[in-house]
Amino acid sequence: MKTPESFNFIEDIINQDIVLNKNNKRVETRFPPEPNGHLHIGHAKSICLNFGLAAKYNGVCHLRFDDTNPTKEEAEYVEAIKRDVKWLGFDWGKHLYYTSDYFDKLYVCALELIKKHKAFVCHLSPDEIRQYRGTLTHTGQNSPYRECSIDENLKLFEGMRMGEFEEGSCVLRARIDMSSPNLNMRDPVLYRIIKNTPHHRTGTMWCIYPSYDYSHPISDAIEGITHSICTLEFEDHRPLYDWILNELSSFVCCHPKQIEFARLNLTNTVMSKRKLLELVAVGYVTGWDDPRMPTISGLRRRGYTPEAIRKFCEAIGVAKANSVVDIALLEHCLREDLNLRSPRVMAVLNPLRVVIDNYPEDKHEELDAENNPEDPDMGSRKILFGRVIYIEQNDFCEQPPKKFFRLSPGQEVRLKHAYYIKCAAVIKDEEGKVVEIHCTYDPETKGGWSKDSRKVLGTLHWVSAEHAIPAEVRLYSSLFIKPNPKEAEDLNPNSLIKCTALVEPCLAKASVGSQYQFLRHGYFCVDIDSAPDMLVFNQTVALRDSWAKTQKEIQ
RNA sequence: UGGGGUGUCGCCAAGCGGUAAGGCACGGGGUUUUGGAUCCCGCACUGCGAAGGUUCGAAUCCUUCCACCCCAGCCA
């Protein structure tokens, strides 16, 4: 994490540009998603970076949909992306753009390149283009169409636009250098023909579409972007980005600076659109918003907060080294945020029936329970106590290991907000499994305090058998077993475990999305699958569990 | 084997010639009506991919080497 005085390398560049009075000290960035899929936590890094930089330098950040390939893009994704960016807490204001807004301008620029003899229509087949391009170690060969006259090219390109050629029969190419060691400079494709696939915004108005390499620098320049931030794999494209803007300098007003940074990788998950799509398509997850997915919609449904994600993006820093961030850092940022805002509530996931023998049969009491020890302003609620309660199965052990602070024969524990109890008898089934225990309580310890201030080691959560309501709880762990998953076989078969829990009655009217801490378990939120008669909770993240560590040491 | 990048603690990441920030993870302790939270302490003892060199002084400059990542879509 950076100290307040330290800047990341992009900020260093911006600071220097400001000192040199570049762009009139203006800072303008953009987040340019292609509407061909859903945003994920990796995009969040880019969004936080671009919008964050703009905010920090009193600039603006545009949201621009890079919609130059109708065969892959859909309007539905546009709306989903807007929703996600907004949810993350960023506002593009009036700066919502589409590359397709610039198709006319892009076309005129292409004409200009042709007139300068810097672009030509090439009739080589895709396969031939590949062959002519050469390899990493061998230079390419000039296309036989490279020396066609300007007038001929103008005519042909116009023909392309008019739909006179079939898909794949020809393309517009830049005329740069087939012997360049940088393959991107070997006469790259600027326009290709796409017929029969209407564009989600321009319909059938165009049958030629600009490539990323061609449209991106021009779109940036049109919008007056000062710093065009992208990921590392575009580093090789920067000479082309600059070449295009230099050749078009009389047509576009400014020349943005392309800066590349390392994309985010997280342990135990995958980030590429292809792999995420595969998880959805194969049905390993229920959809893009499955709570196990690293998509923004998945994280949102899981119960992540925008604040936690932003904090995380701040914590991981921005640099050029390829890296894989430990998912534990994301979870740390999440807990840090949820700890302060989540009301505490009791839920028993694996119930064990407890009868308190010396508690009157028909009696029940209302007890006070604070909603959040971190925040007194969140107030308190009443909880109901009675003769029969449920505790967690693993909060009882007949023959406890060392350092077991919970209920066992002879050991006194506190029921949170209620009374001290002691185990008096254990009832088992034929197989020897504990099915019920009988306890006695100390009436002098109401609220969980004793006058003699005797110590109890453990405090257990519980619910009243008579009042608790059932709820489905979905427990999640990482989608992949290995920190750096490669194949489907690295998938975690137990990434989702469902169970039926007993929860406090106050949750009966909990609304979808609302977030709670289930005491001693973790943070949970109400899932959209909830029905009036059956709440469904997603485990957002478990509480840190030092007992689990101690147990491992003991073994 | 061409070009472009990157290598600082288990994982991120500051450092920009003056003697290795911070966060996560991990370990120890205090406190605690969540084995939560919180607080304190420890955590790169000539070490910054390696080897040489320049310098009073090098993670920072120079040289050579090594490792890893990206590029041969009419995808972005």
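Just so it is clear: chains get the letters A, B, ... in the order the sequence lines come, proteins before strands, and each one is counted from 1.
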Using only modelled atom types and a 3.5 angstrom limit, is any donor from either the side chain of A:Asp545 or the base of B:rG35 paired with an acceptor on the other? no
So what's B:rC48 paired with, Watson-Crick or G-U wobble, going by both distances under 3.5 Å? none
Please list, chain by chain and in numerical order, all residues satisfying side-chain hydrogen bond (donor to acceptor under 3.5 Å, both in side chains) with A:Lys72, sequence neighbours excluded. none
By the 4.0 Å heavy-atom rule, please label A:Asp236 as base, sugar-phosphate, or nothing. base
Establish whether the base of B:rU38 is bridged to the side chain of A:Glu374 by a donor-acceptor pair shorter than 3.5 Å. no
Re B:rG10: Watson-Crick or G-U wobble partner, both distances kept under 3.5 Å, found to be B:rC24
For B:rC74, give the paired nucleotide (Watson-Crick: N1-N3 plus N6-O4 or O6-N4; G-U: N1-O2 and O6-N3; both under 3.5 Å), or none. none
Look at all strands and tell whether A:His417 reaches a base, only sugar-phosphate, or nothing, counting heavy atoms closer than 4.0 Å. base
What residues from residues 174-192 of chain A pass a heavy-atom cutoff of under 4.0 Å to RNA chain B? A:Pro181, A:Leu183, A:Val189, A:Arg192
Does the gap between the ring centers of A:Tyr241 and A:His237 come in under 6.0 Å? no
Is there a stack between A:Trp547 and B:rG35, judged by ring centres under 5.5 Å and planes under 30°? yes
For B:rU60, the Watson-Crick or wobble partner whose two distances fall under 3.5 Å: none
Heteroatom pairs (N/O) under 3.5 angstrom, protein to nucleotides 27-29 of chain B:
none

A:Arg520 side chain N/O closer than 4.0 Å to the phosphate oxygens (OP1, OP2) of B:rA37? no
Sorted by chain and number, sequence neighbours left out, side-chain hydrogen bond (donor to acceptor under 3.5 Å, both in side chains) with A:Lys482 holds for A:Asp490
Looking only at side-chain atoms of A:Glu233, point me to the closest of B:rA76, B:rG5, B:rA14. B:rA76
So if I take residues 323-339 of chain A and measure heavy-atom distances to RNA chain B, which residues fall below 4.0 Å? A:Ser323, A:Val324, A:Val325, A:Asp326, A:Ala328, A:Leu329, A:His332, A:Asn339
Counting heavy atoms from C-beta on, name the nucleotide in B:rC74, B:rC70, B:rG35 closest to the side chain of A:Thr459. B:rG35
Applying the 3.5 Å cut-off to both distances, the Watson-Crick or G-U partner of B:rU38 turns out to be B:rG30
Below 3.5 Å between N/O atoms, which protein atoms pair up with nucleotides 16-18 of chain B? Just atom names and distances, please.
{"from": "B:rC16", "atom 1": "N4", "to": "A:Asp12", "atom 2": "OD2", "distance (Å)": "3.3"}

